[in-house]
Trainee: 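Let me begin by handing over the structure; questions about it come next.
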Amino acid sequence: MRRRKAALLSALASLFLVMSASCGRKKQEQENTQEKYGRGTEYFMGLRSLQMGEEAKGKRQLRSASKCENPLIARKAKEELANGEDGIDTRIKAMTALFNEYQDEEALLPLVRELYENREYAKIISVTEGVDLTSCHNSIAYYRLSSMNEKHDSRFSREFLSWCTERPFDRLQYSLYSELTAAPKVVRMLALLYTRNYGSTLPLVKEFMEGGGNMTAQIASGIGRCLLYGSAESAENASYLEKYAATAPAGCQFYFYFYAARLYDRAKGKYDSASECYKAALATAKDKDGKADEKLYDNALWYYLQSAMELSPEAAVKALERYRDKWHDPYYFDDFLDTLSYRLLSGQFWGLYVRTADLLKGFASLEACAKFSYVSARLLQDGIYRPKDMDADGEAMLLLNSALDSGTDLYYRMLAASRLSVGRAELEERLRLMRQDKDFERNVDAEELLLGYADFGFPEKIYDEWQSHKDEIGLDTVRKLSSFLFSCGKNQEGYYTQSLRIASRKLHNSEAPLSGLDDNLFSLSFPRAFSSKVSEYCAEYGLDEDLMYALIRSESFFDPSVISSAGAVGLTQLMEMTAGDVAKKLKVSKYDLTDSGTNVQFGSYYISELIRRLDGSQILALFAYNAGITRVRGWSISVSDQYKEKNQALANDLFLEMLPISETREYGRKIVGAASVYGLLYYDLDPDEVVSRIMGAVSKSPR
């Protein structure tokens with residue numbers, strides 16, 4: 001008895017010591033945290049007090065935080081105080097004071113929203129005087145004009161017309177238009193265009209054009225769309241717009257030339273006319289003040305290159321050579337270059353393909369350059385293209401190394417590493433910089449606010465705030481935020497996706513090199529959420545975990561509740577019909593695809609069945625997962641027959657580039673690239689092992 005009592009006392013003493021040490025650590029951590037944030041601590045503590053129902057204490061803490069040295073935290077405290085006021089008049093007064101202090105749209109929008117909800121129309125009109133309705137936040141313009149309409153303000157008609165005709169017509173313009181008993185014909189025309197009622201819009205377009213109405217860029221764009229989509233008289237409409245373009249006001253000429261070109265494209269056989277109009281559009285890609293508009297220019301150039309490609313791949317490459325140094329955002333042309341790659345390969349323009357790879361260096365995006373370099377190397381390696389005046393093996397080596405060092409996403413880098421048999425240590429060094437953000441400028445105030453949300457336990461506030469400052473948040477802060485959110489995912493699964501989005505964006509656009517594969521930004525960008533379920537079902541259905549994690553990451557970014565526009569549900573994005581078939585085979589009568597465990601089980605079973613039905617080919621199974629097994633079998637037969645005549649067997653990495661559906665091509669790239677990283681990070685597998693298993697056996701280049 002005494003021994004038991006002594007043992008109990010000893011255990012209690014030990015427990016007391018442990019609890020004391022723990023409390024001591026927590027107290028020390030709290031003191032360190034408070035010291036770290038200074039007066040800003042009061043903001044986070046105030047949020048906690050309000051959360052716990054201690055309103056008076058919370059407001060007192062927020063008032064103290066409003067004097068914080070960090071202007072962003074101080075402002076957040078003031079906003080919290082203003083939003084938390086009980087009475088309507090008091091809340092409006094606080095919001096008005098906030099707007100008077102900051103004088104920006106971020107403070108104006110909540111004020112006018114609060115005023116509108118309380119029908120304070122006159123105050124809205126007063127506080128929004130001088131606001132430029134053609135460029136301000138569109139909701140602010142809506143609240144002002146709705147208030148003017150309610151108050152029968154004599155300026156309403158003029159300002160409403162300007163709002164509708166001088167900026168993109170969207171749901172807010174349409175909403176207010178729908179409330180009016182009468183509106184100008186030009187606004188009715190824009191409203192019909194917004195609802196894509198092109199047939200009813202055509203008579204109004206002709207009437208407006210012939211009546212000499214006041215033309216704006218938005219009206220010109222709407223007219224072009226109407227004639228493009230609302231009439232079958234393509235050549236006639238193109239000529240009509242081209243004629244009008246010569247005398248159109250500045251800022252409008254672009255749209256008339258641009259849509260005339262697209263109409264000539266649609267008319268067929270009018271390539272020369274389309275080409276001339278596209279060139280005229282490029283020359284007039286300017287705003288109403290005559291300033292060059294880079295986005296309009298790139299948009300017109302994209303369509304011009306597409307038009308050339310429809311004529312022939314040779315014409316597309318010729319146009320590309322002429323304009324490759326004139327585009328502004330090279331990434332805008334990635335989808336065009338992916339289609340060009342497919343057209344060149346499917347048409348067997350091998351030499352032109354390799355030449356295009358050389359043309360793109362230094363001009364196209366890193367992704368496009370990596371693609372053309374890698375594929376060109378493979379054409380040379382496999383003897384598909386063997387020029388007499390070139391050292392094919394040597395050139396292939398140069399191209400593979402160029403793809404590996406492209407600083408872009410991972411698919412072509414991992415395949416190049418596999419072909420070059422690059423060792424882990426060398427690969428790690430070459431992966432340290434994915435893509436450098438040379439224009440990065442850190443916002444230390446935003447970083448402090450975000451880190452405070454993490455340190456004080458407010459995960460729900462991090463993602464939205466990060467989105468407001470994502471281009472200003474540094475590498476170290478991103479690591480901490482992403483790690484914190486991932487840990488929160490264990491209790492609320494949605495945080496897994498937020499963690500991944502924050503980490504992945506920085507991985508592919510970092511201001512500094514990473515420390516290597518052991519840098520936790522890699523593991524945060526390629527996480528193993530839902531690990532117990534993935535391990536369980538991969539073991540049950542004979543799947544490789546790296547493949548399954550890559551599939552989940554590519555399909556849903558680890559969001560168990562996501563539903564695609566096509567109706568695919570959950571982590572592995574299963575369609576209901578597919579899930580129903582799987583459920584029957586697994587003898588499951590009731591299931592919920594948004595349940596992470598169920599979705600992983602069904603997805604694992606389905607991909608394993610596709611692998612079995614496609615003779616063990618993982619890459620063909622992935623294509624089938626995206627596009628359907630019937631299509632994949634048809635593609636395989638078609639390509640096999642095509643190359644059987646040449647006594648060649650086309651490797652699967654080149655087969656991927658010849659798939660006729662761009663979505664499936666990109667799907668395969670994403671999963672193979674991600675699986676290679678998962679293999680490196682968690683399973684001690686070199687890219688060679690993962691790529692060979694998924695793609696099939698590969699031939700190596702001499703080092």
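On a predicted model such as this, the values are computed, not experimentally measured, just so you know. In what follows, every heavy atom counts, from backbone to side chain, and hydrogens, waters and symmetry copies are set aside.
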Trainee: Return the CD to CD1 distance between E666 and I671, rounded to the nearest 0.5 Å.
Mentor: 10.5 Å
Trainee: Taking all non-hydrogen atoms of both residues into account, name the closest pair between A550 and A674 and its distance.
Mentor: CB-CB, 3.7 Å
Trainee: Tell me, please, which residues at least two apart from K470 pass side-chain contact (heavy atoms from CB on, under 4.5 Å).
Mentor: W466, R505
Trainee: If you take all heavy atoms of L228 and L263, which pair is closest and at what distance?
Mentor: CA-CD2, 3.6 Å
Trainee: Knowing that exactly one of L610, I694, I611 qualifies, which makes a side chain to side chain contact (heavy atoms under 4.5 Å, CB included) with L622?
Mentor: I694
Trainee: T664 versus V632: any side-chain heavy-atom pair under 4.5 Å?
Mentor: no
Trainee: Please check if atom CZ in R386 has more than 12 non-hydrogen atoms from other residues, nucleotides or ligands closer than 6.0 Å.
Mentor: yes
Trainee: Do the non-hydrogen side-chain atoms of L193 and V205 ever get within less than 4.5 Å of each other?
Mentor: no
Trainee: Looking at F440, does the NZ or CZ of K506 lie under 6.0 angstrom from its six-membered ring centre and within 45 degrees of the ring axis?
Mentor: yes
Trainee: Could you walk me through whether R430 and E426 pass the salt bridge (charged side-chain N to carboxylate O under 4.0 Å, His left out) test, one step at a time?
Mentor: CA-CA 6 Å; R430 294 171 81 166; E426 181 183 346; 2.7 Å; yes
Trainee: Tabulate below the donor-acceptor pairs under 3.5 Å that side-chain atoms of residues 301-311 make, not counting sequence neighbours, or state none.
Mentor:
{"residue": "W302", "atom": "NE1", "partner": "D335", "partner atom": "OD1", "Å": "2.9"}
{"residue": "S307", "atom": "OG", "partner": "D265", "partner atom": "OD1", "Å": "2.7"}
{"residue": "S307", "atom": "OG", "partner": "D265", "partner atom": "OD2", "Å": "3.4"}
{"residue": "E310", "atom": "OE2", "partner": "R343", "partner atom": "NH2", "Å": "3.2"}

Trainee: Please examine the side chains of S523 and Y682, heavy atoms only from C-beta on, and report whether any two atoms are closer than 4.5 Å.
Mentor: yes
Trainee: Begin with the C-alpha distance, continue with both residues' side-chain angles, and end with the deciding distance and a verdict on side-chain contact (heavy atoms from CB on, under 4.5 Å) for D329 and E294.
Mentor: CA-CA 8 Å; D329 178 7; E294 295 180 355; over 6 Å; no
Trainee: Under 4.5 Å between any side-chain heavy atoms of L680 and E428, yes or no?
Mentor: no
Trainee: Report the distance from atom CG of L241 to atom OH of Y257, rounding to the nearest 0.5 Å.
Mentor: 11.0 Å
Trainee: Between S231 and L227, is there a donor-acceptor pair closer than 3.5 Å when you use the side chain of the first and the backbone of the second?
Mentor: no
Trainee: Could you tell me whether K279 atom NZ has more than 12 heavy atoms of other residues or ligands within 6.0 Å of it?
Mentor: yes
Trainee: Is there a side-chain contact between L399 and F372, using heavy atoms and a 4.5 Å cut-off?
Mentor: no
Trainee: Quiz question: by atom type and distance under 3.5 Å, do the side chains of Y667 and E555 form a donor-acceptor pair?
Mentor: yes
Trainee: For the pair T497 (side chain) and F558 (backbone), establish whether a donor and an acceptor sit closer than 3.5 Å, ignoring hydrogens and angles.
Mentor: yes
Trainee: Within the 3.5 Å criterion, strictly below it, is a donor on Y332 or N299 matched to an acceptor on the partner's side chain?
Mentor: yes
Trainee: Heavy-atom count around R631 CZ within 6.0 Å, excluding the residue itself: above 12?
Mentor: no
Trainee: Determine yes or no for a side-chain-to-main-chain donor-acceptor pair under 3.5 angstrom, with Q573 supplying the side chain and G570 the backbone.
Mentor: yes
Trainee: Before accepting this row, confirm whether a basic side-chain N of the pair R324/E321 lies closer than 4.0 Å to the acidic partner's carboxylate O.
Mentor: no
Trainee: Is the shortest heavy-atom distance from the side chain of I607 to the side chain of Y541 under 4.5 Å?
Mentor: no
Trainee: Is a donor on one side and an acceptor on the other found under 3.5 Å between the side chain of D519 and the backbone of L521?
Mentor: yes
Trainee: Would you indicate whether the side-chain heavy atoms of W635 and P660 approach each other to under 4.5 Å?
Mentor: yes
Trainee: With a 3.5 Å cut-off and no angle check, do the side chains of D338 and S662 form a donor-acceptor pair?
Mentor: no
Trainee: Are the side chain of S275 and the backbone of Y271 linked by a donor-acceptor contact shorter than 3.5 Å?
Mentor: no
Trainee: Can you find a heavy atom in the side chain of Y278 that is under 4.5 Å from one in the side chain of R262?
Mentor: yes
Trainee: Donor-acceptor check, side chain of D298 to backbone of H328, threshold 3.5 angstrom: yes or no?
Mentor: yes
Trainee: May I have the step-by-step check of side-chain contact (heavy atoms from CB on, under 4.5 Å) for L379 and L345, ending in yes or no?
Mentor: CA-CA 10 Å; L379 294 174; L345 292 172; 4.1 Å; yes
Trainee: Look at atom CG of D325 and say whether more than 12 heavy atoms of other residues, nucleotides or ligands are closer to it than 6.0 Å.
Mentor: yes
Trainee: Starting at CG of L420, measure out to CG of N401 and round the result to the nearest 0.5 Å.
Mentor: 5.0 Å
Trainee: Quick one: does any side-chain atom of S239 pair with a main-chain N or O of E236 as donor and acceptor, under 3.5 Å?
Mentor: no
Trainee: Let's go through Y323 and L282 carefully: what are the C-alpha distance in whole Å and the side-chain angles of both, what is the deciding distance for side-chain contact (heavy atoms from CB on, under 4.5 Å) to 0.1 Å, and is it a yes or a no?
Mentor: CA-CA 11 Å; Y323 285 98; L282 293 173; 3.7 Å; yes
Trainee: So is R553 actually on top of F526's ring, under 6.0 Å and inside 45° of the axis?
Mentor: yes
Trainee: Tell me, yes or no, whether the heavy-atom count around K318 atom NZ, taken from other residues, nucleotides or ligands under 6.0 Å, exceeds 12.
Mentor: no
Trainee: According to ring-ring contact (aromatic ring centres under 6.0 Å, His included), does anything in residues 378-412 pair up with another residue at least two apart or in another chain? List the pairs.
Mentor: Y374-Y412
Trainee: Is the Y625-Y606 ring centre distance short of 6.0 angstrom?
Mentor: yes
Trainee: Report the C-alpha distance between L685 and R693 in whole Å, list the side-chain angles of each, state the deciding distance to 0.1 Å, and finish with yes or no for side-chain contact (heavy atoms from CB on, under 4.5 Å).
Mentor: CA-CA 11 Å; L685 297 173; R693 188 189 73 234; 4.2 Å; yes
Trainee: Say whether Y264 and E242, considering side chains only, have a donor N or O and an acceptor N or O under 3.5 Å apart.
Mentor: yes
Trainee: Between Y297 (side chain) and A281 (backbone), is there a donor-acceptor pair under 3.5 Å?
Mentor: no
Trainee: Would the number of heavy atoms belonging to other residues, nucleotides or ligands and lying under 6.0 Å from NZ of K361 be above 12?
Mentor: yes
Trainee: Main chain of G634, side chain of S638: is a donor-acceptor contact present, judged purely on distance under 3.5 Å?
Mentor: no
Trainee: Just to verify, which of R665, R378, K371, R669 counts as forming a side chain to side chain donor-acceptor pair (under 3.5 Å) with E657?
Mentor: R669
Trainee: Pick one: which of D688, D653, V691, L404 meets side chain to side chain contact (heavy atoms under 4.5 Å, CB included) with R419?
Mentor: D653
